[in-house]
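Here the structure comes first, spelled out in structure tokens, and everything after it is commentary.
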Amino acid sequence: MEDTKMETQPGTARLPSEAQVLEALKVVKDPEIPVNVVDLGLIYGVDIAPDGLVDITMTLTSVGCPVQDLIRADAEMAVGRLDGVSEVNVEFVWTPPWGPDKMTEDGKRQMRMFGFNV
């Protein structure tokens, strides 16, 4: 029996939206803080190119964060699973510096549940 499944031509894959990328990133957590990187306010920008390259600009809670490579790998894996994504590039920036004021209300609520005063 002949396979009638249509093949997707290069460049015709449906790209994820910024909201879908952010939702995918909600599985990425700083192992030292029980809140995801989106609700912590660590994501500064998402750029989705027509060829499926997703550039993520983010920061960490501290410059010397020992889990930077782990967070990068987790972010690349989470976003790389989305349909239409061909490659993920995570760039860490330090300006503006992160502070608790960058957290979402949901992130602050989660932190308070774990005993943090935010």
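Hydrogens, waters and symmetry mates are skipped; everything else that's a heavy atom, side chains included, is used. Here the structure is a predicted model, which is why all the values come from computation and not from measurement.
No side-chain heavy atom of L25 sits under 4.5 Å from any side-chain heavy atom of N36. Residues D39 and M103 have side chains not in contact (no heavy-atom distance under 4.5 Å, counting atoms from C-beta outward). Looking at heavy atoms from C-beta onward, M113 lies out of side-chain contact with P34 at the 4.5 angstrom threshold. Inter-residue side-chain proximity for K108 and V35 is flagged as unmet; no heavy-atom pair is nearer than 4.5 Å. Side-chain contact check for T59 versus K102: every heavy-atom pair is 4.5 Å or farther apart. Here the side chains of L60 and Q68 are in contact, with some heavy-atom distance below 4.5 Å.
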Let me see the working for D30 and V67 under side chain to side chain contact (heavy atoms under 4.5 Å, CB included), right down to the final yes or no.
-> CA-CA 7 Å; D30 182 326; V67 293; 3.9 Å; yes
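Distance CD/Q20 to CG/L15: 10.0 Å, rounded to 0.5 Å. We find the CG-CZ distance between D69 and F92 to be 8.0 Å, quoted to the nearest 0.5 Å. Considering CE of M111 and CG of L40, their distance stands at 6.5 Å, rounded to 0.5 Å. Taking CD of E18 as the start and CD1 of I56 as the end, the distance is 10.5 Å to the nearest 0.5 Å.
R72 contributes a side-chain N or O that, together with a main-chain N or O of V90, makes up a donor-acceptor pair within less than 3.5 Å.
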